[in-house]
Protein chains: 2
Amino acid sequence: MASKKISILIADDHQIIVDGIRSLLEGEKNIIVAAEAGNGKEAIAVAEKNPVDIILMDVEMPLLNGCDATAIITARFPKIKVIALTTYDEKAIISKMLNAGASGYILKNINKKILLEAINTVSNGGTYFSSEIPIVLATKSAETTPVKHDSPLSFLSTREVEVLKHIGNGLSNSEIAEKLFLSPKTVETHRTNIMRKLNIHNVVGLVKYAIKSGLVD
Amino acid sequence: MASKKISILIADDHQIIVDGIRSLLEGEKNIIVAAEAGNGKEAIAVAEKNPVDIILMDVEMPLLNGCDATAIITARFPKIKVIALTTYDEKAIISKMLNAGASGYILKNINKKILLEAINTVSNGGTYFSSEIPIVLATKSAETTPVKHDSPLSFLSTREVEVLKHIGNGLSNSEIAEKLFLSPKTVETHRTNIMRKLNIHNVVGLVKYAIKSGLVD
DNA sequence: ATATAAATAAGGGAAATGCCTTAAAAGAGA
DNA sequence: TCTCTTTTAAGGCATTTCCCTTATTTATAT
């Protein structure tokens, strides 16, 4: 397993991120950064020519975003593993990435140890998720069957997640309403439902949940 | 000029950015990354102890943002040059940074060459601005208008920290009052003062501040 | 000694939250 | 088809936050 080098493609539109990751991996004997790409389209093109083992894929990229690129790549090259790489983002995107076939998800503000851990885990066929990502989401990809949630932790709908994100960003109900073109009363209903579902009874709890879920910060 | 090493402090809350820049500068003989800081407050503290030549200062940071930190540092340590480092190229922020006394401004997605150019230019008393930044703004800093800051920068008292901690734990004013044997009105006053001092206007901001400060969670 | 800051307390009012209710339209699934 | 979920919306009401003000006491610092 450690005999062959793990070849990696870094896809990120910020050169400094690419350079940063490259330098973090420079000393590693069993890892080689084989290629770079500045957007999703380029990532696909590079992956076609260069059969890398793992792609560190930024979610937000010009031309073609990381989600769509991941979907195309995992469909066309099942052997290539994709680790999503992003700053804090919404649950919708995380699950989108996982649904697109990503094998892992790490935040950009990671250290070398975590990065290596993620690469090695995924390289060995596993999945890796940043500790910030709630396990409930991770299980979704672990099981091939879509996880139905009859658990005490019932999940939030897309809209509710959206509202929660805005709450976590400090917006009031009326501000959220304006942003989403809704009635303030509707937003209030969503807020109430979110709290009921999560068994949270004030905005402090909501903010903390939003942060823990990677929805904000 | 090239005889003495240029010592640099990197202030950014994302470790990967710090590592990335550090690695970019690693090979340079006349540059040494002398220190790191994860937020504005830390940057000031580090600058006080360690008289660096240049600070690469992220704009968006917890506890104390790059603008305010720059204002304080350039006022207190006129010899230290600050280069703003950020992803945003918003006009308002740029001029704010320049008014705060920054000597340069570069975007995060730069390459090694530009970074070195910026550092050397600023080190020689010049100013450096990413080509993306319009020159009209640059001229504004050329005038050595004394930076005045009526900065909202008084920090919290012991009691205020205590109250903030309870707020971050989800307690209401009356609950905090009960716990601290105070009148709810007193707690409210503390809350108001905390918000005024930190320029925060809702509980969401308070919770985030409390978390970032390590007060809770 | 005297200004400054911290800690205490309160009045008053506008805005927002928290929690209950009902309800209609749209879509998905069994 | 019937049911369940989601999304939308609203009425009403108690509580809480947010922001302004003033004020006393105590400690600290110049």
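Chain identifiers are assigned alphabetically (A, B, ...) following the order of the sequence lines, protein sequences preceding nucleic acid strands; residue numbering begins at 1 within each chain.
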From [atom1] of [X] over to [atom2] of [N], roughly how many Å is that when rounded to an integer?
| X | N | atom1 | atom2 | value |
| --- | --- | --- | --- | --- |
| A:Ile176 | D:dT7 | CD1 | P | 15 Å |
| A:Arg159 | C:dA26 | CZ | P | 16 Å |
| A:Ile194 | D:dT8 | CD1 | C1' | 14 Å |
| A:Glu162 | D:dT6 | CD | C1' | 13 Å |
| A:Leu182 | D:dA10 | CG | P | 11 Å |
| B:Phe181 | C:dA9 | CZ | C1' | 18 Å |

| task | Describe the nucleic acid contact of A:Thr186 in one word from base, sugar-phosphate, nothing, applying a heavy-atom distance below 4.0 Å. | result | base
Ignoring hydrogens and geometry, is there a side-chain-to-backbone donor-acceptor pair from [X] to [Y] under 3.5 Å?
| X | Y | answer |
| --- | --- | --- |
| B:Asn169 | B:Leu171 | no |
| B:Asn202 | A:Gly170 | yes |
| A:Ser7 | A:Asp53 | yes |

Please tabulate, one pair per line, all N/O donor-acceptor pairs under 3.5 Å involving side-chain atoms of residues 180-190 of chain B, not counting sequence neighbours.
residue  : atom : partner  : partner atom : Å
B:Ser183 : OG   : B:Lys185 : N            : 3.0
B:Thr189 : OG1  : B:Lys185 : O            : 2.9

| Just by protein heavy atoms under 4.0 Å, how would nucleotides 11-29 of chain D read 5' to 3' in B, S and -? | BB----SBB----------
| task | Could you pull out all residues at least two apart from A:Glu42 that satisfy salt bridge (charged side-chain N to carboxylate O under 4.0 Å, His left out)? | result | none
| query | So does B:Arg159 pair up with B:Glu162, basic N to acidic O under 4.0 Å? | reply | yes
